[in-house]
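Here's the structure, in structure tokens; my notes come after.
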Amino acid sequence: LAIPWVGHTGALTKLLLGTLAETADIFISYRRSDTDLTAGRLHGDLVDEYGRGRVFMDRHGIVPSADWLATIDAAVSACRLGIVIIGPGWLAADASGQPRLSSPADIVRREVCGLLAKNRRLLPVLVGGAQLPPPKYQAIALDNSNWEAGLQQIVAVIDAEISAPAKAVDSAVG
């Protein structure tokens, strides 16, 4: 039991850290309308890999009666990496014909802007044939036929990010 812990490697270490984590290292951002199932499956696989305490997803990370937006904002601030799941409807228009992402009230916009403002690493994950909107980041395409390979790519990115020393974020305006 102590060997993986002492060497800080291996699946056991990840799960132990997940049990001890006070805040999540990994934040999952998604649109329920077109990526709900993928987000849920990815959340489950990442919880298996890292433990429940290290992976935040709104449906699993907000207790009843909690202030929903405050909890989202706190999770964005605390995380080390944001997985942004992008489906075909990610840039879809709202009832007024405007792109949802253009609205300051859009929760996905709030999450992504928060991640960028806190200088968190973004990992776009494309599902359902979605295309990456500009500005361009390298993305991982994920579907049932490549799930295991895609998941391993995601895990490798997460491992590299959360094993590195935490970045200092200068909040002072200078």
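Predicted model only: the values in this text are computed from it and were never measured.
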Please check: side-chain N/O of [X] versus main-chain N/O of [Y], any donor-acceptor pairing under 3.5 Å?
| X | Y | answer |
| --- | --- | --- |
| D73 | V76 | no |
| R121 | G82 | no |
| R54 | D25 | no |
| R109 | S102 | yes |
| R120 | S77 | yes |

Can you see which heavy atom on [X] is nearest to which on [Y], and at what distance?
| X | Y | result |
| --- | --- | --- |
| P88 | G128 | CG-O, 3.3 Å |
| R31 | W90 | NE-O, 3.0 Å |
| Y30 | D58 | OH-OD1, 2.6 Å |

### Query
Going by distance alone, is a donor N or O of one side chain under 3.5 Å from an acceptor N or O of the other, for Y50 and D45?
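Note: Y50 and D45 side chains miss the donor-acceptor criterion.
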### Query
With a 4.5 Å limit on heavy-atom distance, are the side chains of I86 and T35 in contact?
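Answer no - side chains too far apart.
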### Query
With a 4.5 Å limit on heavy-atom distance, are the side chains of L151 and N146 in contact?
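A side-chain contact under 4.5 Å is absent here.
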Can you get from [X] to [Y] by hopping between Ile, Leu, Val, Met, Phe, Trp and Tyr side chains that sit under 4.5 Å apart?
| X | Y | value |
| --- | --- | --- |
| L69 | L101 | yes |
| V108 | L132 | yes |
| L37 | L42 | no |

### Query
Can you list the steps and then say if I154 with I140 is a side chain to side chain contact (heavy atoms under 4.5 Å, CB included)?
CA-CA 8 Å; I154 292 167; I140 295 172; 3.7 Å; yes
### Task
Can you spot which of I72, L81, I83 makes a side-chain contact (heavy atoms from CB on, under 4.5 Å) with F27?
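Per the side-chain contact (heavy atoms from CB on, under 4.5 Å) rule, the option paired with F27 is I72, out of I72, L81, I83.
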### Passing option when I85 is tested against I28, L126, D34, L123 for side-chain contact (heavy atoms from CB on, under 4.5 Å)
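Result for side-chain contact (heavy atoms from CB on, under 4.5 Å) with I85: I28.
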